[in-house]
Amino acid sequence: MKAIRIEANGGPDVIALTDIAEREPGLGEVLVRNHAIGVNFIDVYHRTGLYKSALPNGLGLEAAGIVEAIGDGVTRFSVGDRIVYANGPIGAYAEAHVVKQTQAVKLPDAIPFDIAAASLLKGMTARFLLRKTFRVERGHDVVVHAAAGGVGQIAVQWAKHLGANVIAVVGNDEKAAIAKSLGADHTIIPGRDDVAKRVREITSVGAHVVYDSVGKDTFIASLDSLRPLGMMVAFGNASGPPPDINPLALAQRGSLFLTRPTMFNYTATVEQLDETSADLFAVIEKGAVKIAAPTRYALSDASQAHRDLEARKTTGSLVLIP
Ligand code: NDP
């Protein structure tokens with residue numbers, strides 16, 4: 001089968017389409033024929049080596065498809081089921097993939113494969129951020145960085161659905177218009193606007209929570225945007241890892257809370273995975289969160305998908321079609 005492999009860490013050019021042998025599913029595993037594959041910023045971190053993984057390796061953690069074979073002990077799925085997975089193992093950029101039954105969920109009939117691959121990892125991220133890491137309630141002032149991106153578009157809509165006052169931080173006017181169309185109450189463009197100053201003008205005392213996936217370029221401005229006892233959620237490194245900080249920096253800004261969460265800890269058990277994905281599918285099916293048609297690339301164009309994502313050219317989600 002065709003699959004993406006990387007022999008070494010590096011730029012998008014290390015991504016190569018190769019032929020590899022398909023493997024039989026083992027105990028508790030299923031073989032999935034992928035119909036649409038999610039592209040996530042974490043795939044860039046795996047490719048560059050910011051997040052270490054053994055090499056040579058595949059890429060990608062997420063895809064939606066049909067169960068083609070099941071290993072011994074599989075009880076969650078049958079051959080022919082439509083399923084989606086977002087917890088790897090690494091290697092989803094391929095025509096087919098073997099995953100543990102405990103790391104996949106059944107796909108509701110109403111959700112097409114491309115929408116599922118565009119939304120499971122990003123939507124479960126939005127869900128744990130807004131419902132678990134900091135529980136957003138009606139009237140909270142919430143800052144969402146990269147608000148027109150994959151996670152961002154879902155987070156803006158979900159936060160609005162929860163009744164928050166949403167302040168969207170985006171890279172340009174076109175992205176600001178997208179965030180507004182999804183319900184954002186305010187938009188801020190770093191470089192043109194002073195992020196912390198604008199958040200303070202809008203909220204008078206600062207935000208209850210900042211969801212910062214940009215990292216290096218925005219981390220300090222995000223801290224400066226919070227009210228006393230506010231929660232800084234640093235959940236990504238799109239511009240590079242955030243700087244080291246002294247805990248005193250949190251005290252000086254008003255006894256702030258700081259967390260650096262990852263989805264994998266919030267969906268580690270099958271119960272957490274089922275609860276998180278069911279909540280996501282529910283907000284999608286009732287229309288509270290709309291998943292824009294993802295930008296599609298052929299599997300063989302995975303390197304171009306990475307180039308576009310890293311160059312901040314994309315909005316919403318990207319999928320690869322095998
Ligand atoms: P996005 O579609 O959001 O793409 C990244 C966006 O980050 C860009 O579009 C851009 O938006 C913004 N950005 C700002 N500075 C840079 C830069 N220097 N280089 C590249 N992008 C930049 O990607 P995803 O939806 O896949 O992921 C969003 C973020 O969420 C990532 O940082 C990812 O690591 C993180 N994440 C974390 C998870 C976790 O469990 N902790 C799980 C899933 C995602 P703009 O131009 O508007 O600034």
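When a ligand or atom number is given, it counts from 1 through the structure's own listing order.
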Contact (N/O only, under 3.5 Å) between [X] and ligand 1:
{"X": "Leu309", "result": "no"}
{"X": "Met263", "result": "yes"}
{"X": "Asp217", "result": "no"}
{"X": "Val170", "result": "no"}
{"X": "Thr262", "result": "no"}
{"X": "Pro261", "result": "yes"}

Protein heavy-atom partner closest to [atom] - residue, atom, separation in Å:
{"atom": "atom 12 (C) of ligand 1", "answer": "Ala146 CB, 3.9 Å"}
{"atom": "atom 48 (O) of ligand 1", "answer": "Arg312 NH2, 2.8 Å"}
{"atom": "atom 42 (C) of ligand 1", "answer": "Thr125 OG1, 3.2 Å"}
{"atom": "atom 23 (O) of ligand 1", "answer": "Phe41 CD1, 3.8 Å"}

Please list, in number order, the atoms of ligand 1 under 4.0 Å from a heavy atom of [X].
{"X": "Ser213", "result": "29 (C), 30 (O), 32 (O)"}
{"X": "Lys175", "result": "9 (O), 11 (O), 45 (P), 46 (O), 47 (O)"}
{"X": "Val214", "result": "14 (C), 15 (N)"}
{"X": "Asn40", "result": "26 (O)"}
{"X": "Tyr45", "result": "31 (C), 32 (O), 33 (C), 34 (O)"}
{"X": "Arg260", "result": "41 (N)"}
{"X": "Asn237", "result": "32 (O)"}
{"X": "Gly171", "result": "45 (P), 46 (O), 47 (O), 48 (O)"}

If only atom types and distance count, is the side chain of [X] paired as donor or acceptor with the main-chain N or O of [Y] below 3.5 Å?
{"X": "Ser317", "Y": "Pro294", "value": "no"}
{"X": "Asn34", "Y": "Ala94", "value": "yes"}
{"X": "Gln101", "Y": "Thr75", "value": "yes"}
{"X": "Ser239", "Y": "Asp217", "value": "yes"}
{"X": "Gln272", "Y": "Thr269", "value": "yes"}
{"X": "Asn172", "Y": "Lys175", "value": "yes"}
{"X": "Gln157", "Y": "Lys290", "value": "yes"}

*With a 4.0 Å heavy-atom cut-off (strictly under), which part of Glu310 contacts ligand 1: side chain, backbone, both or neither?*
backbone

Do [X] and [Y] pair up side chain to side chain, a donor and an acceptor below 3.5 Å, judged on atom types alone?
{"X": "Tyr211", "Y": "Thr133", "answer": "no"}
{"X": "Asp308", "Y": "Thr314", "answer": "no"}
{"X": "Asp141", "Y": "Thr203", "answer": "no"}

*Could you check whether the rings of His140 and His208 sit parallel, tilted or perpendicular, using 30° and 60° as the cut-offs?*
tilted

*Assign the ring pair Tyr51 / Tyr45 to parallel, tilted or perpendicular, where the plane angle (0 to 90°) is split at 30° and 60°.*
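Tyr51 vs Tyr45 ring planes: tilted.
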
Which residue from [options] reaches closest to [atom] through any of its heavy atoms?
{"atom": "atom 39 (C) of ligand 1", "options": "Phe235, Phe264, Tyr266", "value": "Phe235"}
{"atom": "atom 28 (C) of ligand 1", "options": "Val44, Asn265, Thr218, Val151", "value": "Val151"}
{"atom": "atom 17 (C) of ligand 1", "options": "Ala238, Gly150, Ser317, Gly191", "value": "Ala238"}

*Side-chain ion pair, Asp185 and Lys160, N-O less than 4.0 Å*: yes

